[in-house]
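See below for the structure under consideration.
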Amino acid sequence: WMGRIDKDKAPHYAILAAKKLNQKIKILGEPKYQLDYIQNLLNDKTVEVVGTVHGDEKMKIISEAKCAIYTLDKDYIEAGAGVLGEYLISGVSIAAISWRGNDAVCEAVDQPQLGQIQNVNPSMSEEEIVNKLSESIIACKKLDRRIIYQIGQDKYNMIKIMKRIFAIMDRAN
């Protein structure tokens, strides 16, 4: 799991799912605004808090992951998340939750070969959400990293992305 450790990003779902599956989880990031958020969970023996990393170290950790876990809180809207592209171009599947069915992760994981998104809703208990996320983690470990890598390389090809941006800018001018 990677990101800002606070309620908006809801990493507690990822940690609880890893605990349920009796698996270790690496958390890349640090608390920024809610310093006491999930401190008891961060100290669990299954959790390794790596902190903020960049460059080669970050890509090494990502590429060694069995799968990536993407979470967010029901009241948080994230328009785009660059980390999703980093996962996919590294050949790493994404296990995720979506509250609206159009969260940022839905654009990234738009094919079943890339991961599994669980649609959740506010009427569900935390346990139900964690169970669904756990199912996604199990399913993602079975996906072919070579296919994820190929799709990710095409989908997040910076030259293609920049050409699309310039085309949009040219039409606007």
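Both Val50 and Met59 belong to a single network of hydrophobic side chains, linked directly or stepwise wherever heavy atoms of I, L, V, M, F, W or Y lie under 4.5 Å apart. Both Met158 and Ile165 belong to a single network of hydrophobic side chains, linked directly or stepwise wherever heavy atoms of I, L, V, M, F, W or Y lie under 4.5 Å apart. A chain of hydrophobic side-chain contacts below 4.5 Å, direct or via other Ile, Leu, Val, Met, Phe, Trp or Tyr residues, connects Ile147 to Ile94. In the hydrophobic cluster analysis, where Ile, Leu, Val, Met, Phe, Trp and Tyr join through side-chain heavy atoms closer than 4.5 angstrom, Met162 is grouped together with Met169. Taken together through direct or relayed side-chain contacts under 4.5 Å among Ile, Leu, Val, Met, Phe, Trp and Tyr, Ile89 and Tyr149 form parts of separate hydrophobic clusters.
Side chain of Trp99 to backbone of Leu72: a donor-acceptor contact under 3.5 angstrom is found. In terms of modelled atom types and a separation under 3.5 Å, the side chain of Asp6 and the main chain of Asp8 share a donor-acceptor contact. Looking at Arg100, its side chain does come within 3.5 Å of a backbone N or O of Lys74 through a donor-acceptor pair. No donor-acceptor pair closer than 3.5 Å links the side chain of Ser93 to the backbone N or O of Cys67.
To the nearest 0.5 Å, the span separating NZ on Lys58 from CD on Glu86 amounts to 3.5 Å. We find the CD-NZ distance between Glu78 and Lys9 to be 3.5 Å, quoted to the nearest 0.5 Å. Rounding to the nearest 0.5 Å gives a distance of 5.0 Å between CD1 of Ile138 and CG of Leu21. Once rounded to the nearest 0.5 Å, the distance linking NZ of Lys66 with CG of Leu143 reads 15.0 Å. Separation of atoms CD (Gln150) and CG (Asp144) is listed at 8.0 Å; rounding is to 0.5 Å. Taken from CD in Glu57 to CD1 in Ile62, the straight-line distance is 11.0 Å, to the nearest 0.5 Å.
With a 6.0 Å radius and a threshold of 12 heavy atoms from other residues, nucleotides or ligands, Asn22 has its CG atom at or below the threshold. More than 12 heavy atoms of other shown residues, nucleotides or ligands fall within 6.0 angstrom of atom OH in Tyr37. Shown here is Asp56, whose CG atom has no more than 12 heavy atoms of other residues, nucleotides or ligands within 6.0 Å. Within 6.0 Å of CD in Glu127 there are 12 or fewer heavy atoms belonging to other residues, nucleotides or ligands. Within 6.0 Å of atom CD1 in Ile159, 12 or fewer heavy atoms from other residues, nucleotides or ligands are found, so the atom counts as exposed in its surroundings. Counting heavy atoms of neighbouring residues, nucleotides and ligands inside a 6.0 Å radius, atom NZ of Lys19 does not exceed 12 of them.
With Met124 as reference, Ile129 is the one residue of Asn119, Val130, Ile129 to meet the side-chain contact (heavy atoms from CB on, under 4.5 Å) rule. Of the candidates Tyr76, Trp1, Tyr13, Thr71 forms a side-chain hydrogen bond (donor to acceptor under 3.5 Å, both in side chains) with just one, namely Trp1.
Between Gln39 and Pro31, the shortest heavy-atom contact is NE2-CG, 4.1 Å. What you find for Ile5 and Pro11 is that their closest heavy atoms are CG2-CG, 4.1 Å. Annotation for Ser136 and Gln118: closest pair OG-CG, 3.0 Å, computed over non-hydrogen atoms. In this structure, Ser98 and Ile117 approach most closely via the heavy-atom pair CB-CG2, 3.6 Å. Here the closest heavy-atom approach between residue Tyr156 and residue Ala108 is recorded as OH-CB, 3.3 Å.
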**OP:** Applying side chain to side chain contact (heavy atoms under 4.5 Å, CB included), run through Leu133 and Ile69 and close with a yes or a no.
**Re:** CA-CA 8 Å; Leu133 185 56; Ile69 305 172; 3.9 Å; yes
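Residues Val105 and Ile97 fail the side-chain proximity criterion, which asks for heavy atoms closer than 4.5 Å. The shortest distance between side-chain heavy atoms of Leu114 and Asp110 falls below 4.5 Å. The closest side-chain heavy-atom distance from Arg145 to Val92 is below 4.5 Å. Side chains of Lys7 and His12 form no contact here, defined as non-hydrogen atoms less than 4.5 Å apart. In this structure the side chain of Ile61 never reaches within 4.5 angstrom of the side chain of Met2, judged on heavy atoms. Two residues are said to be in side-chain contact when any heavy atoms from C-beta on lie closer than 4.5 Å; Asp154 and Lys160 meet this criterion. Considering only heavy atoms from C-beta on, Leu84 stays 4.5 Å or farther from Glu107 through its side chain. At least one side-chain heavy atom of Lys20 sits less than 4.5 Å from a side-chain heavy atom of Asn131.
Residues Glu128 and Lys132 are not paired through a salt bridge, judged by the lack of any N-O separation under 4.0 Å between the basic side chain and the carboxylate.
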